[in-house]
There are 2 protein chains.
Amino acid sequence: MSNISIYTDKLRESGLRPTRQRLKICEVLFSPEKTFHFTINDLTKIIENKLSEKISLATVYNTIHAFKNKGYLKEISINSDKSYFDTNVTEHHHFFDEDTNELIDCNNDDIDSVNIKKNITGKKIKSVEVLIKVASDNQNQN
Amino acid sequence: MSNISIYTDKLRESGLRPTRQRLKICEVLFSPEKTFHFTINDLTKIIENKLSEKISLATVYNTIHAFKNKGYLKEISINSDKSYFDTNVTEHHHFFDEDTNELIDCNNDDIDSVNIKKNITGKKIKSVEVLIKVASDNQNQN
DNA sequence: TCAACAGTTTAGAATTGTTTTAATGTAAAT
DNA sequence: ATTTACATTAAAACAATTCTAAACTGTTGA
C-alpha cells in the first residue's frame with residue numbers, strides 16, 4: 001500500500017517539496033483509516049515512536065502549517081496553551097472534554113446545522129465552528 | 001458613581017479580598033456601559049494608561065482567572081497565541097475577523113440557537129460556543 | 001551529468017504568553 | 001494591637017511556537 005504519490009501530490013499542492021521527513025509526516029497523518037485529532041507534541045511523539053526517526057520540531061511546524069493553509073488539515077478553535085489539529089477536514093463540530101482535554105467529533109446527526117442570518121459587511125465567512133465543552137457532573141467550573 | 005461596593009462584592013464572591021489593585025481592575029472591567037473583549041495585555045495597558053497605575057502582571061492574571069471561574073468573565077474559545085476574555089457573560093456567540101484579529105459579538109437575532117441532540121455519557125454540557133471566522137473576500141486562507 | 005540555485009533540515013536560540021517563586025506588604029480576625 | 005492568612009511584586013521559570021544560520025538536498029537547466 002504505497003500512497004507515496006498521494007503524499008507527494010499533497011505536499012506539492014501545499015507548496016512543499018516531498019522530502020523524506022515530510023513523507024513520514026504524511027504517513028502518520030494520512031494513512032490511518034480513521035481521522036484523528038492531535039497536537040504538535042502528539043505528532044512528534046508518534047513519529048519518534050512508530051517510525052523511530054527523529055524529525056526537527058521546525059520541520060513539523062512548517063509542514064503542518066502548510067497543510068493547514070492548503071486545507072488538508074483543520075485547526076480547532078479551542079482555548080488552550082497548545083494548538084489542536086484535525087485530519088478530518090469535512091464540516092463538523094466538536095465536544096471538548098475538560099476532564100481529559102480530549103476532543104471528540106460531533107456527528108452531523110448530533111447537532112443541527114448552524115444557521116447564520118447576518119454577516120459582517122465586506123467579509124466572507126471562512127468557517128463556522130461549534131465547540132461544546134463538557135465535564136463530569138461533579139466538577140467545578142475550571 | 002461609586003460602584004465600589006459592587007466591586008467589593010464581586011471580588012468577595014470570587015474568593016478574593018478587595019485590594020486597591022483589584023478595585024482598579026474592576027473599574028476597568030465593569031464600569032463601561034458596553035461590554036467588551038480583551039486580552040490580558042490589552043487590560044494591562046488600559047490600566048497603565050487610563051489609571052496611571054502600574055499593576056503586576058501576576059495580579060492581573062490572578063484576578064481575571066478568579067472572575068472567570070466565578071462566571072463574571074467569559075473566556076472565548078479561539079485558537080490564538082493569546083487568551084481572549086469577554087465582559088459579556090450572557091449566552092452569545094462571536095464573529096472573529098481574521099484580518100484584524102478582532103472579536104465581534106453575534107446577536108441572538110443573527111444566529112439560530114444551536115440544538116444539540118446527543119451528549120457524551122456521564123458528562124454535563126458546560127458551554128456551547130459558536131465561532132464564525134470571517135475575512136475579506138480577497139484574502140488567502142491564513 | 002553536473003553545476004548552481006532555491007528550498008529544506010536541524011539544533012539551538014529567541015520570543016511570547018502564562019505561571020510560579022519567594023520576599024515583602026496588607027486586610028481582617030482575634 | 002497582634003496575629004494570621006492572603007496579596008503584591010519583580011524576577012525567574014516554563015512551555016509552545018517561531019526564528020536563525022549553517023549545512024544539506026531536490027530540482028532545473030546548461
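Chain identifiers are assigned alphabetically (A, B, ...) following the order of the sequence lines, protein sequences preceding nucleic acid strands; residue numbering begins at 1 within each chain.
- Close to C/dT18, at under 4.0 Å from its OP1 or OP2, lies a side-chain N or O of B/Ser83.
- With DNA chain C read from its 5' end, the first of the two nearest nucleotides for A/Arg17 and B/His65 is the one closest to A/Arg17.
- With rounding to whole Å, B/Asn101 atom CG is found 15 Å from C/dT16 atom P.
- In terms of position along DNA chain C, the nucleotide closest to A/Leu57 lies nearer the 5' end than the nucleotide closest to the other residue of the pair A/Leu57 and B/Arg20.
- Atoms OH (A/Tyr84) and P (D/dT17) sit 10 Å apart, rounded to a whole Å.
- Between A/Tyr61 atom OH and D/dT18 atom C1' there is a gap of 9 Å when expressed in whole angstrom units.
- Considering only side-chain atoms of A/Ala58, the nucleotide from D/dT8, D/dC19, D/dT9 that sits closest is D/dC19.
- Residue contacts for B/Thr59: at a heavy-atom cut-off of 4.0 Å it reaches a base atom on one of the strands shown.
- One can place CG of A/Asn62 at 11 Å from P of D/dT18, the figure rounded to the nearest angstrom.
- If you look at B/Phe36 and B/Phe85, their ring centroids are not closer than 6.0 Å.
- Nearest to the side-chain atoms of B/Thr19 among the listed nucleotides C/dG17, D/dT8, D/dC19 stands D/dT8.
- The CG-C1' distance, from B/Asp42 to C/dT16, rounds to 15 Å in whole Å.
- Side chains of B/Asp86 and B/His92: a donor on one and an acceptor on the other come within 3.5 Å.
- Protein atom NZ of B/Lys82 is 5 Å distant from nucleotide atom P of C/dG17, rounded to whole Å.
- Summarising the local packing, NZ of A/Lys34 is surrounded by 12 or fewer heavy atoms from other residues, nucleotides or ligands at distances under 6.0 Å.
- With rounding to whole Å, B/Gln21 atom CD is found 10 Å from D/dA10 atom P.
- Residues B/Lys74 and B/Thr90 bring no donor and acceptor atom of their side chains to less than 3.5 Å of each other.
- No engagement by A/Thr39 is indicated, since no non-hydrogen atom pair under 4.0 Å with the nucleic acid exists.
- Counting any heavy atom pair closer than 4.0 Å across all strands shown, A/Arg12 reaches sugar-phosphate atoms only and no base atom.
- Spacing between atom CG of A/Asn79 and atom P of C/dT18 amounts to 8 Å, rounded to whole angstrom units.
- For the pair B/Lys10 and B/Tyr72, the distance from NZ or CZ to the six-membered ring centre is under 6.0 Å and the angle to the ring normal is within 45 degrees.
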